[in-house]
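Heads up: the structure comes next, in structure tokens.
Note on naming: letters A, B, ... go to the chains in the order of the sequence lines (proteins, then strands), and numbering restarts at 1 for each one.
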Protein chains: 2
Amino acid sequence: MSILRRNTDYALRAMVNLAGHYGGDVVATRQLSAEEDISYQYAAKIMQLLHAAGLVKSTMGSHGGFSLARPPQEVSLLDIIKAVQGAVSLNDCFLDADACPRRSTCVISAKIAGLQEYIEKSLAGITLAEFATDSMSEHVNAPKEK
Amino acid sequence: MSILRRNTDYALRAMVNLAGHYGGDVVATRQLSAEEDISYQYAAKIMQLLHAAGLVKSTMGSHGGFSLARPPQEVSLLDIIKAVQGAVSLNDCFLDADACPRRSTCVISAKIAGLQEYIEKSLAGITLAEFATDSMSEHVNAPKEK
DNA sequence: CGAAGTAGGACTATATTACTCCTATACAGC
DNA sequence: GCTGTATAGGAGTAATATAGTCCTACTTCG
């Protein structure tokens with residue numbers, strides 16, 4: 001199983017694309033969808049998620065589109081992941097304390113809490129700026145070609 | 001999303017149970033299922049997975065059952081995860097190189113490969129012996145009670 | 001032989017993820 | 001103010017993955 005979903009990959013590609021236009025024009029969903037090989041309708045949904053998370057600014061109406069809300073070096077991989085697929089957690093009890101009635105006494109939970117923290121910190125440490133430069137459309141979970 | 005599945009939790013509980021009987025009698029699936037609150041049929045499936053992975057030894061026939069194939073301190077959480085839910089991977093391209101045509105030049109892949117490795121090492125470093133002692137049936141992803 | 005066990009294929013049900021459709025709303029340019 | 005091109009977002013469908021069941025072997029002890 002893969003932890004990062006296709007969703008996240010699309011979002012990441014879109015964000016990298018926007019990073020390339022940072023400080024310049026807004027980019028329309030239609031353009032993002034064409035350049036990054038995402039269906040227009042689905043791309044629109046993903047942009048909504050990114051917008052709801054405050055990662056992008058939107059300009060409505062004709063000649064509208066999206067732009068990064070913050071400079072690339074201030075947008076982390078974790079931000080993007082959280083925006084499109086929710087928090088990544090090793091197990092449910094980190095997301096929802098009610099998921100496990102023995103949470104408080106659980107030895108396993110204690111054992112892996114450290115790892116959980118490390119993962120989040122790592123993802124938070126990787127920013128858009130780091131892969132925005134030379135690769136405009138690298139991606140993680142591209143749909144497999146047939 | 002949770003990385004560890006319910007499947008894995010069941011398996012973990014079963015393994016902890018078996019660890020409690022290490023060196024003694026085999027434990028029948030019927031008993032495991034009752035003690036760890038897993039449906040008998042499903043428990044049987046999970047035991048098959050653990051057996052196929054070589055983590056448990058099976059004794060067929062009447063008075064048969066399962067026992068750990070190795071001492072608890074030599075069975076890691078990663079072993080169990082791999083047996084029941086397959087390898088944990090940050091993204092598809094670590095599992096299947098064909099999943100992404102740009103794998104070789106992908107900056108993102110390079111960035112998170114280190115994290116991927118760290119996660120595996122951490123999980124491999126946690127063994128059954130560490131939580132087998134005082135908690136016979138702790139679990140991670142118990143189905144939520146209503 | 002029969003009871004109690006594992007082995008395993010095939011199937012069903014449920015949940016999650018991916019994706020589409022349709023309508024509303026905003027804004028620029030004519 | 002109309003029209004074309006945008007985003008906003010609810011609602012629904014399709015595909016896939018996970019969880020769980022059913023049934024029929026085969027194995028061994030008593």
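Near DNA chain C, defined here as any heavy-atom distance below 4.0 Å, the residues from residues 55-63 of chain B are B:Ser58, B:Thr59, B:Met60, B:Gly61, B:Ser62, listed numerically.
Summarising the geometry, the separation between CG on B:Asp9 and P on D:dG20 is reported as 11 Å, rounded to the nearest angstrom. In this entry the distance linking CG of A:Leu4 with C1' of C:dA18 reads 16 Å, nearest Å. The nearest whole Å value for the distance from the CZ atom in B:Phe66 to the C1' atom in C:dG5 is 9 Å. Atom CG in A:Leu50 sits roughly 13 Å away from atom P in D:dG9 (whole-Å rounding). B:Lys45 has its NZ atom 12 Å from the C1' atom of D:dA25, to the nearest Å. Between the C1' atom of D:dC22 and the OH atom of B:Tyr40 lies a distance of 12 Å, rounded to the nearest Å. The CD atom of B:Glu36 sits 15 Å away from the P atom of D:dG20 (whole-angstrom rounding). For the pair B:Arg6 CZ and D:dA19 P, the computed distance is 7 Å after rounding to whole Å.
For C:dT17, the OP1/OP2 oxygens have no side-chain nitrogen or oxygen of A:Asn7 closer than 4.0 Å. Between B:His51 and C:dA7 there is a side-chain polar atom (N or O) within less than 4.0 angstrom of OP1 or OP2. The side chain of B:Arg5 contributes an N or O atom lying less than 4.0 Å from OP1 or OP2 of D:dA19.
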Show me, pair by pair, the donor-acceptor contacts under 3.5 angstrom made by side chains of residues 48-61 of chain A, not counting sequence neighbours?
residue, atom, partner, partner atom, Å
A:His51, NE2, A:Ser58, OG, 3.4

Taking only distance into account, with no hydrogens and no angle test, what donor-acceptor pairs under 3.5 Å do side-chain atoms of residues 22-33 of chain B form with protein atoms, sequence neighbours excluded?
residue, atom, partner, partner atom, Å
B:Gln31, NE2, B:Glu35, OE2, 3.0
B:Ser33, OG, B:Arg30, O, 3.4
B:Ser33, OG, B:Ile38, O, 3.3

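Here the side chain of A:Tyr10 is nearest to one of C:dC19, D:dA8, C:dT20, namely C:dC19. Nearest nucleotide to the A:Tyr42 side chain, out of C:dA7, D:dC23, C:dT20: C:dT20. Nearest nucleotide to the B:Ser39 side chain, out of D:dG9, C:dA7, D:dT21: D:dT21.
Residues passing the side chain to side chain contact (heavy atoms under 4.5 Å, CB included) test with B:Ser62: none are found, sequence neighbours excluded. In this structure, A:Glu117 has no side-chain hydrogen bond (donor to acceptor under 3.5 Å, both in side chains) partners at least two apart in sequence or on a different chain.
Legend: salt bridge (Lys or Arg N to Asp or Glu O under 4.0 Å) pairs involving residues 67-76 of chain B, not counting sequence neighbours, sorted by first then second residue: B:Arg70-B:Asp79.
Within 3.5 Å, no donor on the side chain of B:Gln41 pairs with an acceptor on the base of D:dG20, nor the reverse.
Note that NZ of A:Lys82 and CG of A:Leu123 are 10.0 Å apart. Values are rounded to the nearest 0.5 Å.
A:Tyr118 and B:Tyr118 have parallel rings, their planes meeting at less than 30° on a 0 to 90° scale where 60° marks the start of perpendicular.
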